[in-house]
Trainee: 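Dropping a structure here in structure tokens format, bear with me for questions.
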Amino acid sequence: MKPKTRKATRHVNQNEGLIFEKSSPGKAAWKLPPLDVPEVDPARLLGNAERRDLGNMPEVSEIEIIRHFTRLSTWNYAIDLGMYPLGSCTMKYNPRVNEAVARVEGIANGHPYQPEKISQGALQIMKTLSECLIEITGMDAITLQPAAGAHGEMTGLLMVRAYHQSKGNPRKKVLIPDSAHGTNPATAAMVNYAVENLKSDARGMVDLASLKQQMNEDVAALMLTNPNTLGVFEQQIHEIADILHAKGGLLYMDGANMNALVGKVRPGDFGVDVMHLNLHKTFSTPHGGGGPGSGPVAVNRALEPFLPAPVVVSKPDGTLGFEYNRPHTVGRVRSFYGNFGMFVRALAYIQANGPDGLRETTEDAVLNANYIRKGLEGIYDLPYSTPSMHEVVFSDKLQAKKGVRTMDIAKRLIDYGFHPYTTAFPLIVPGALMIEPTESESKEEMDLFIEAMKSIAEEVEEDPQTVLDAPHSTRVSRLDETAAARKPVLRWKPGN
Amino acid sequence: MKPKTRKATRHVNQNEGLIFEKSSPGKAAWKLPPLDVPEVDPARLLGNAERRDLGNMPEVSEIEIIRHFTRLSTWNYAIDLGMYPLGSCTMKYNPRVNEAVARVEGIANGHPYQPEKISQGALQIMKTLSECLIEITGMDAITLQPAAGAHGEMTGLLMVRAYHQSKGNPRKKVLIPDSAHGTNPATAAMVNYAVENLKSDARGMVDLASLKQQMNEDVAALMLTNPNTLGVFEQQIHEIADILHAKGGLLYMDGANMNALVGKVRPGDFGVDVMHLNLHKTFSTPHGGGGPGSGPVAVNRALEPFLPAPVVVSKPDGTLGFEYNRPHTVGRVRSFYGNFGMFVRALAYIQANGPDGLRETTEDAVLNANYIRKGLEGIYDLPYSTPSMHEVVFSDKLQAKKGVRTMDIAKRLIDYGFHPYTTAFPLIVPGALMIEPTESESKEEMDLFIEAMKSIAEEVEEDPQTVLDAPHSTRVSRLDETAAARKPVLRWKPGN
Amino acid sequence: MRYLPKSPADRETMLKAIGLRSVDDLFAPIPPEYRLTRDLKIPRQMAESEIVDFFRQRSRENGDGYTSFLGAGAYFHYRPVIIDSLISRGEFLTAYTPYQAEISQGTLQSIFEFQTMICELTGMEVANASMYDGSTAAAEAVMMAVRLTGRRSVMVARTLHPEYREVLATYATHQGMPLSIANYAQDGRLNVQELEKSITPETACVLVQSPNFFGIVEDIDAIAQIAHQNGAMLVVSIAEAVSLGIIEPPRQADVIAMEAQSFGVPLGFGGPYCGVIATREKNVRQMPGRLVGQTADKQGNRGFVLTLATREQHIRREKATSNICTNQALVALMVNIFMTIYGRVGLKELAKQNLAKTAYAATHFARHGKVLFGGSPRFNEFVVETSEDPYAINSRLLGHKMIGGLPLKKFYPELGNSSLWCCTELTTRSAIDTAVGLVAESERSVRSAKEEVEEVTR
Amino acid sequence: MRYLPKSPADRETMLKAIGLRSVDDLFAPIPPEYRLTRDLKIPRQMAESEIVDFFRQRSRENGDGYTSFLGAGAYFHYRPVIIDSLISRGEFLTAYTPYQAEISQGTLQSIFEFQTMICELTGMEVANASMYDGSTAAAEAVMMAVRLTGRRSVMVARTLHPEYREVLATYATHQGMPLSIANYAQDGRLNVQELEKSITPETACVLVQSPNFFGIVEDIDAIAQIAHQNGAMLVVSIAEAVSLGIIEPPRQADVIAMEAQSFGVPLGFGGPYCGVIATREKNVRQMPGRLVGQTADKQGNRGFVLTLATREQHIRREKATSNICTNQALVALMVNIFMTIYGRVGLKELAKQNLAKTAYAATHFARHGKVLFGGSPRFNEFVVETSEDPYAINSRLLGHKMIGGLPLKKFYPELGNSSLWCCTELTTRSAIDTAVGLVAESERSVRSAKEEVEEVTR
Ligand SMILES: Cc1ncc(COP(=O)(O)O)c(C=O)c1O
Ligand SMILES: Cc1ncc(COP(=O)(O)O)c(C=O)c1O
């Protein structure tokens, strides 16, 4: 049952209960300075708005908190521990200097409403980052306001809608390839567009014929991920753009896969009208267990008037400021200016790389994906033989014969010391193994990954049950998700 | 073989080779800014003093370094993970605010030779800490220069010697109880004093009779740890002091166990002439895997003239400064002023506690030790029934019958999720289990510890082999120390 | 490049293994005419020391060292040191969304504790794992109410943070959700009569903020009654989380949309922050965002998993309750640690200090300028009306390295020379006294100027 | 107290379990007359925010924001960010000495790597896990030589850091180790003739520093020859570790005692720093301090342990090679990470930049003041002799937020108005130009003053 791997071993690991189970009245991890103004009587000031009881909030000491979260943290996998081959997620190295500069006093403690006169530092950061991202995407203008990719998609589609509106007709639907990420259709719905699926051709690319046939004046835009979620670059991208533009439609690009393009190709150069970026993917800001992210949206001239307000502008006196007076804006999508802290990190990343570093980064990302593809071809089924860019998608077809599915292989990878790849999509590949190594993996780490995947493939032949029961090396294994959803327990209660 | 414990479980853990095994020419984790002065030709400037080759120094990237040390760190036990019951080591919580303030720009980057005029901040910290420690020990003066406890011992004994010298005769020997820590005799030797052992009485205290009998004009001092290494307070401390003083000897107190006294008793009040403190024990500075520490030495008036130079003084103009002109000083024991960074942390700890906090801390430390003593009495042999202060020392007498020694029990504790207690001393207890919980342990953690120790005692009866083969849950187990010492491999070599 | 773990030799070997001659071959799929043949025009590769210097410089240009009286949806509270010590651990910082439960229990359990504490503080039964921020949380909460009631129109209190209103408007426009604004009364609270009159059988929900944008606690009882009597839901937005330590939560609400920034999240010039939605158990399947639930593994060990995923985009696609995917997890962890540090007693004491500082400040401002809505219960913000343009006063305060209250003209033209001041536990008495002094001065000079004019005209 | 994990109830239960009535009973063993019945007279318990404010204030009073030209045993080099990210992990920061190998492999392997890199850089065969600092390392190295040679007297170069000499004197006095000082020659290097004359058959070792206190590289070949011809050992002290990137290490030395502060350790007003001793394999059993060795476990897995412990105090007591117990482990880890970051190529490039900045500065100073020992090879320090008292010049530099070189009078009276200047990769050209300008000014004014006097007397 012990996997044959040089990658991981089992080691003693601390258990830890819920913080509420450690609480006891009178313990405290806080201490306030003496009050330098007169005490007040809340009852007098607040009347019946006064709160008397804080229920089951915990009472614990500082060391218990340190141990609690330190122990919990040791139950997590992380980029800092090893390869994170999640397709589409671009789990790259999160540089520590980004964290350091984000914590510099004036950057960490700036108030969003402090006078522009004393906000030049923050404004400069936003302006410099905007300029870099515009150059990288080859677009004309940008907003940094959206808080994540999906939020950027919404912002982008709102601008598409406003654009068409300005032409007299908002149009009815958005075309989305069947290979798209779930946020694409979900977003279209939020902006009140009907979603029409667009099927892929045998090479995993947009089927031009169906596009031609489905494209008409009701279509506001096509939401295209390029390279798409198969890791395939849409070679007829320009024809696609032409077909759309011919009928007055717009080309929206989901930029989640920009890690395959930065410094090598620019969406603005191949016909994209509007796109979002994920700073937490391509630009190294940490995923932090699910967020925060940042989803800037870059657009061409035609869409610039519709950008959310405010936008950063240079003022006559040479200083920077926010412009709120934007008659055609789609409005605000978030309070203040977006996830500023992520702008700081993304800019630090761009500065650490420079033009040469960014290009090398993209090259290594694509090199890594192709190295893995080569290493696993034949052992796992490759549904689309089209050349891969930054990621490669296999299927569990060969293993399924033994009743082993992609999720089982994924779980078994854990015993080999790796985080699983993405299994949830693309939907056009049944039983997908979606693998994106990013540039951050060394040859050594990838050789271990390939070795592990091969070894699992052998196990599937010799001893499928071991794979079906995996993982075997973790604190907990195969938690019961059905039970969790059937009778949801979403919070601790006393005597739980 | 799986221990019956609620404390720990096994979990997947990353392997990691030596950094040299990851090195490859051309990888780099560094980048220098462009040079703003003319390049130079080292050969021209240095001639044959120029170095051409840096041998096998590694070449790796930043993410590899992050992963390397992060993975390594997961192989360590730490206070942040759980109880560290090492007797005599005072493994208490290391507050994070200490780390934060030690990194404040002007404190982290002050140069030891910068003009006093712009060093008032650092001098203020040293002065305030000195005053606090003088008040806590009840002594008259202090030096912060020694880098650790043993260094403090040396400094203290040098002052003892200088004191006697000033009286015309440096004297020949130092009395040291057989229960003392190894640094005591080692230090005496460094200061060129003969070591004479002093035996303990049935209660584990200094045997007054032998002390009287051994004390004479050749004895420079008695090095006493109080509470001693059995965790026993030397109740006749004053008689001890009197006996010494009567013959012109001095009482040196090893302050390693001050965690039992702070805020409750002051060595200066019970006849101590000179003592050292361990800021990395009593005052919460982190052990950091073996150091750094800090070992201030506090003395009474009679010894003040002999303090190492420089000392911090208030100058006529009200500012602080260093006084170097100390005619009777024993001299410097370290460059600059000592481990300043530890002064910062210790002071922050004292401020966070205040008088009430320090007293409570001492009370909890003693409470914890006695709670464990109560919990394990009868199950493990208690060689000295004298009341315990901050630590308790058992012996493996009962388990030895089954061939299980203290080190075996210690190793088995690891499977139960705990770091072992101290086994190396005191030498007067064969097979010692020296346990110091400190104030930082919750009742919950100590109950788990007691439960684990009881469970191991049962295992010793039912299945001693399991204990003898422990640990079973770690990455590596029972490494071959004899081989390591017989043919020492103290560095990596290519092709190792 | 120093982040790339490859040597030239590694690249060579790998290319050979793949069967390619050069790196360019990797990009063959991209039509040549689009390939970039030049360097990007961005700053050159910088050394780490240069990057640190760059941002230190920006920091100096960014109000570093100023004392601020700004609140208005972003609050300056003390952040205990251990928050950053803990969230900086790579196992939290560099982990992905906890889809793989076996190697994500740390993140999952901490979110479960977060959900629990949010429930305890808000009086709700379920809370999600976070939304982008308070404004988007409010908008999503309203959409939730729309789905739950099957009605489409929304009543929004004018005392809701103006930017939250803007965001809601953006979200609502294209979903055919008519918004109507209910104004505030003399006392600075939502005008209940007006609400009663304008609420209709089409109203899906009433959205109010409490403490509201003026820092005043709304009369939730009255508002809830009106809403519920009309079959509408009550959605309450909370922008200053610390208020929950001393202000009774809106237990009568159906959905609470909150901004938790006050709980240990740096001001950070406006983000990243931490939105949260909390509601009753029965509404959970219409809730947006991730949820962590408790379950057990094969051996019966307690464990936690992401659950009710059928609400989410990666399963439901266009039928999802929201398109949110990446949320604010690490910020939620900051909030979680902050709540754990202060806990049952500390949060109350913390809130009390905010109350005391604010009471002191308001009383002293009232002696010179006019403090509006004085009669209503407030937490840590208050509105001061001055005779002089507040921008003028504020620029004088800047001279003392102080940032005065937020002038309200921009959002509430009718409030003319009023501005919104905020005090927290970090606001010192001496800072308050200085600010009060400068406002007093301004009032005096205006008065004497007036008198002079009167002199002349007499 | 917020660090204490006990509630009043916990304490009650525990006391009961022990069978005591009150906490005081716990202290019964202490004779009542000694028990403290009052509060300690120390600052009251402070909130974390107050502590942070206190030290921020001290920082402002401590040269924060000054550009410095000080070296002299403590060097200001850039510290890559990841050093603190990594050493701040609790598993390193809060771990004890790695006696329990099974749960200390992280610390043990990192020390093994540290020992290896120190050997690579110094050209020695074994290195220990750290000593307190460079000065104590030098003293212990000398004692080692004394034990190894069975001789007792020691020759010390006057170009050794003066404080190192003081420390050695303190250690030596009571061990009957006569020290004799060998002076430097015109070229600022140890006077080899003098050494040759004064070395005796009693000389256990010659102790020199290179680059020496004046920043000059000593003629190690010559010195080694003399030492070895006379059966004495050569102990070399290295205070500026970065010099190892471009200066040939003293491979002819028998023992090297080094201060590794330059490798990523903050100046920290003088400590904690990181001493290290390196030597030849054959001397290892006389080495002080901890050593980590490679071995294998039951299954044959590679692992690391503390080894050769029979040298140490906890086993050997008064017969130990040293009394050292706690060392500088965490600082050694900083050094380790720094060495790993810069590595084979980076360390050389880093050293080169130090060389270039220093060459530039020395050249420009030479145009105005007098740069002593100009002919000898130097690394990043140089001695400038001015006509005016350097303290006067330095106080003028302070006005420009600059800290000038270290006046040498105090340590070398014969050098009068000379001071020791240092440049590292962090010293900017503009800072150098400003400093040079001020020195030039001083020289001019002195000259013109002289001329005036001449005028008059003529
Ligand atoms: C292809 C694609 N599109 C959109 C998204 C959504 O981005 P975010 O999670 O930042 O909202 C993702 C993220 O997983 C993605 O992979
Ligand atoms: C009783 C006692 N004395 C002295 C020492 C030595 O102190 P240090 O390790 O700080 O040199 C110790 C440390 O373990 C000790 O426990």
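Computed from heavy atoms alone, side chains included, the values below leave out hydrogens, waters and symmetry copies. Every chain is numbered from 1, with letters handed out A, B, ... down the list of sequences.
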Trainee: When you compare the side chain of B:Asn48 with that of D:Glu248, does any pair of heavy atoms fall below 4.5 Å?
Mentor: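 Side-chain contact under 4.5 Å: no.
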
Trainee: Any heavy-atom pair between the side chains of B:Pro112 and D:Tyr273 that's under 4.5 Å?
Mentor: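 Yes, side chains in contact.
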
Trainee: Show the numbers, then the answer: is there a salt bridge (charged side-chain N to carboxylate O under 4.0 Å, His left out) between D:Lys6 and B:Glu360?
Mentor: CA-CA 10 Å; D:Lys6 281 196 192 57; B:Glu360 248 189 301; over 6 Å; no

Trainee: What orientation do B:His238 and D:Tyr34 show, parallel under 30°, tilted 30 to 60°, or perpendicular over 60°?
Mentor: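 It falls in the parallel class, under 30°.
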
Trainee: What part of B:Tyr371 gets within 4.5 angstrom of chain D, counting heavy atoms only: side chain, backbone, both, or neither?
Mentor: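 Looking at B:Tyr371, backbone and side chain both touch chain D.
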
Trainee: Is any side-chain heavy atom of D:Thr307 closer than 4.5 Å to one of B:Leu490?
Mentor: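 In short, these two side chains touch, coming nearer than 4.5 Å.
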
Trainee: Mind checking whether D:Ser88 and B:Glu99 have side chains closer than 4.5 Å, heavy atoms only?
Mentor: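 Side-chain contact under 4.5 Å: no.
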
Trainee: Would you say B:Glu62 and D:Ile341 make side-chain contact, with heavy atoms under 4.5 Å?
Mentor: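 No, too far: nothing below the 4.5 Å cut-off.
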
Trainee: Please tell me if the side chains of D:Glu163 and B:Phe336 come closer than 4.5 Å, counting only heavy atoms from C-beta onward.
Mentor: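 They are in side-chain contact.
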
Trainee: Could you tell me if the side chain of B:Phe69 sits less than 4.5 Å from the side chain of D:Ile337, heavy atoms only?
Mentor: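 Yes, close enough: below the 4.5 Å cut-off.
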
Trainee: Given that the side chain runs from C-beta out, which part of B:His280 has a heavy atom under 4.5 Å from chain D: side chain, backbone, both or neither?
Mentor: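 For B:His280, the side chain is the part near chain D, not the backbone.
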
Trainee: Can you say whether B:Phe270 sits under 4.5 Å from chain D via the side chain, the backbone, both, or neither, judging by heavy atoms?
Mentor: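 For B:Phe270, heavy atoms of backbone and side chain both lie under 4.5 Å from chain D.
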
Trainee: Salt bridge (charged side-chain N to carboxylate O under 4.0 Å, His left out) between D:Arg11 and B:Asp364: does it pass, once the steps are laid out?
Mentor: CA-CA 8 Å; D:Arg11 296 193 176 94; B:Asp364 277 2; 2.7 Å; yes

Trainee: Is D:Lys357 salt-bridged to B:Asp36, cutoff N-O under 4.0 Å?
Mentor: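 Counted as a salt bridge, because a side-chain N and a carboxylate O are separated by less than 4.0 Å.
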
Trainee: For the residue pair B:Val101 and D:Arg56, establish whether any side-chain heavy-atom pair is separated by less than 4.5 Å.
Mentor: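 Heavy-atom side-chain distance check fails, nothing below 4.5 Å.
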
Trainee: Any idea which of D:Asp10, D:Thr97, D:Thr340, D:Leu70 has the most non-hydrogen atom pairs under 4.5 angstrom with chain B?
Mentor: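 Looking at each option in turn, the highest pair count goes to D:Leu70.
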
Trainee: Shorter than 4.5 Å, heavy atoms on both sides: which option in B:Ile350, B:Val191, B:Leu45, B:Ile19 has the most such pairs with chain D?
Mentor: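 Of the candidates given, the most pairs with chain D belong to B:Ile19.
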
Trainee: I'd like to know which of B:Leu479, B:Val97, B:Ile237, B:Val40 tops the heavy-atom pair count under 4.5 Å against chain D.
Mentor: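 Of the candidates given, the most pairs with chain D belong to B:Leu479.
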
Trainee: Regarding D:Glu102 and B:Arg475, does a basic nitrogen lie under 4.0 Å from an acidic carboxylate oxygen?
Mentor: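 So D:Glu102 does not pair with B:Arg475 through a salt bridge.
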
